[in-house]
Number of protein chains: 2
Amino acid sequence: MKKDAEEWINRYVDAYMVVTRQINARLRDIFGEGLTSDQFLILRLIAGQEKCTSTYLAEAVAVGKSSITAIINRLDEAGMIERTRDENDRRQVYLTMTEHGKSVYSTSEKQMQEVISPYLFHFEDHDIERFITMFEKLAFLMQEPGGRNN
Amino acid sequence: MKKDAEEWINRYVDAYMVVTRQINARLRDIFGEGLTSDQFLILRLIAGQEKCTSTYLAEAVAVGKSSITAIINRLDEAGMIERTRDENDRRQVYLTMTEHGKSVYSTSEKQMQEVISPYLFHFEDHDIERFITMFEKLAFLMQEPGGRNN
DNA sequence: AATAATAGTTCACGTGTAGAACAGTTTCAC
DNA sequence: GTGAAACTGTTCTACACGTGAACTATTATT
């Protein structure tokens with residue numbers, strides 16, 4: 001354990017709590033009825049992945065597959081995504097956005113940009129770059145071991 | 001809007017998604033039945049605040065007061081906190097941890113340290129310091145405007 | 001004294017999560 | 001080939017957390 005680990009972790013958790021909860025609250029407000037912030041993240045992952053499956057999503061958001069089924073069902077009922085079975089391996093179900101889904105996602109993405117971008121003006125460009133690079137490295141490290149069943 | 005804002009925000013959101021979900025998953029695993037990660041954050045806020053009220057918690061976690069009531073009820077039923085009415089202003093209810101609550105919180109805090117601290121070894125001390133300082137500044141900015149009603 | 005504002009609760013409803021049981025499809029060992 | 005094992009996704013039940021509106025009780029205002 002590093003010398004200052006305890007203090008760092010406490011400071012990190014306090015900041016993390018504020019930032020994530022505040023961003024979430026703002027996203028809830030602007031997305032409104034149309035979309036939850038979790039649904040937005042799922043659409044984002046579907047958008048960024050050829051042949052996206054439930055298993056992939058479950059690992060990406062570190063959650064059981066049954067949770068993914070629930071979210072996907074709601075997005076399906078809302079007409080935002082479609083399920084397609086792979087003809088070669090009929091166990092696999094690929095998830096793709098419908099035109100409506102793409103439209104909702106694109107609008108939400110712009111709204112998110114508008115919510116977050118004002119904060120960037122309080123920081124120097126190279127500090128932002130360093131901060132994000134570090135965050136990405138942390139994300140990479142955390143994604144590595146992977147492994148969560150059901 | 002800054003020149004690179006869009007790219008930065010996309011990168012931030014992608015990293016943020018991975019890090020928060022992974023940390024949450026790990027906390028779910030180690031806390032087990034005893035405590036949810038949201039309950040842990042509430043206990044943390046109660047621990048760090050003299051005369052903690054529901055209104056304070058609602059603002060701190062950017063959530064309606066009725067959500068706080070629900071969480072507090074569960075912590076109360078589990079014997080982790082106590083409610084005390086202010087005798088001067090009987091509308092106010094102060095929240096304090098019981099001995100049992102303190103014990104659970106303290107254990108959970110240690111477990112959280114153990115989950116997060118290994119990642120620190122992958123970074124230079126001064127990078128960690130800069131990263132956290134920046135995160136704290138962001139948290140400060142986001143807390144400012146405040147304001148969320150029930 | 002009547003009216004406003006404030007603090008907290010209750011209720012009904014939607015969403016996200018876990019975990020166990022299940023169905024349908026490969027894949028593998030023999 | 002055939003039977004067992006592994007894998008993908010779904011269903012079901014139970015619970016935590018979020019909202020917003022309506023409510024109670026208390027204090028402040030005018």
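Predicted model, so just to flag it, every value in this text is computed and none were measured. In the text below, chain A, chain B and the rest are named by the order of the sequence lines, each starting its count at 1.
- Using a 4.0 Å heavy-atom criterion, one finds that B:Ser67 contacts the bases of the nucleic acid, with or without backbone contacts as well.
- Side chains of B:Asn10 and A:Gln113 form a contact here, defined as non-hydrogen atoms less than 4.5 Å apart.
- Within residues 36-53 of chain B, the residues approached by DNA chain D to less than 4.0 Å at the level of any non-hydrogen atom are B:Thr36, B:Asp38, B:Gln39, in residue-number order.
- Atom NZ in A:Lys65 sits roughly 14 Å away from atom P in C:dG19 (whole-Å rounding).
- Taking only side-chain nitrogens and oxygens, A:Thr55 never comes nearer than 4.0 Å to OP1 or OP2 of D:dC7.
- In this structure, CZ of A:Arg83 is placed 9 Å from C1' of D:dG9, rounded to the nearest angstrom.
- Atom CD of A:Gln92 and atom C1' of C:dT26 are 10 Å apart (whole Å).
- Among pairs with a residue in residues 94-104 of chain A, those fulfilling salt bridge (charged side-chain N to carboxylate O under 4.0 Å, His left out) read A:Glu99-A:Lys102, at least two apart in sequence or across chains.
- When both pairing distances are held under 3.5 Å, C:dC28 makes a Watson-Crick or G-U pair with D:dG3.
- Toward the 5′ end of DNA chain D lies the nearest nucleotide of A:Ile68, the other residue of the pair A:Arg21 and A:Ile68 mapping further downstream.
- Applying the side chain to side chain contact (heavy atoms under 4.5 Å, CB included) rule to A:Ala47 yields the partners A:Met97, A:Tyr105; only residues at least two apart in sequence or on another chain are considered.
- The interatomic distance linking A:Tyr94 (OH) with C:dT25 (C1') rounds to 13 Å, in whole Å.
- Legend: residues meeting side-chain hydrogen bond (donor to acceptor under 3.5 Å, both in side chains) with B:Ser106, ordered by chain and number and at least two apart, are B:Lys110.
- A heavy atom lying under 4.0 Å from DNA chain C marks the following residues of residues 70-80 of chain A, by number: A:Ala70, A:Ile71, A:Arg74.
- Taking 4.0 angstrom as the limit, B:Arg28 places none of its side-chain polar atoms (N or O) nearer than this to OP1 or OP2 of D:dA16.
- In this view, B:Glu87 and B:Arg90 satisfy the side-chain hydrogen bond (donor to acceptor under 3.5 Å, both in side chains) rule, not counting sequence neighbours.
- Taking B:Glu33 as the reference, nothing meets the side chain to side chain contact (heavy atoms under 4.5 Å, CB included) condition, with sequence neighbours excluded.
- Applying the 3.5 Å distance criterion, the base of C:dG19 shares a donor-acceptor pair with the side chain of A:Ser66.
- Applying the salt bridge (charged side-chain N to carboxylate O under 4.0 Å, His left out) test to A:Arg21 and every residue at least two apart in sequence or in another chain returns B:Asp38.
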Hey, what are the protein-to-nucleotides 25-27 of chain D N/O distances that come in under 3.5 Å?
from, atom 1, to, atom 2, distance (Å)
D:dT27, OP1, B:Asn88, O, 3.3
D:dT27, OP1, B:Arg90, N, 2.8

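- As a whole-Å value, the separation of A:Leu95 CG from D:dT8 C1' is 12 Å.
- Annotated as anti: C:dA5, whose glycosidic dihedral deviates from 0 by more than 90°.
- Straight-line distance from the CG atom of B:Leu35 to the P atom of C:dA18: 16 Å, rounded to whole Å.
- By the 4.0 Å N-to-carboxylate-O rule, A:Lys51 lies too far from A:Asp86 to be salt-bridged with it.
- The side chain to side chain contact (heavy atoms under 4.5 Å, CB included) search around A:Glu77 returns A:Asn73, not counting sequence neighbours.
- Between B:Phe135 and A:Phe131, the ring centre distance stays below 6.0 Å.
- The interatomic distance linking A:Leu57 (CG) with D:dT10 (C1') rounds to 15 Å, in whole Å.
- Among residues two or more places apart in sequence or in another chain, the side-chain hydrogen bond (donor to acceptor under 3.5 Å, both in side chains) test is passed with A:Ser37 by A:Asn24.
- When the ring-ring contact (aromatic ring centres under 6.0 Å, His included) test is applied to B:Tyr94, no partner is found at least two apart in sequence or on another chain.
- Remark: C:dA5 base-pairs with D:dT26; criterion is Watson-Crick or G-U wobble with both hydrogen-bond distances under 3.5 Å.
- Residue B:Thr69 is in base contact, counting any heavy-atom pair closer than 4.0 Å across all strands shown.
- For A:Leu27 and C:dT15, the CG to C1' distance is 16 Å, given to the nearest whole Å.
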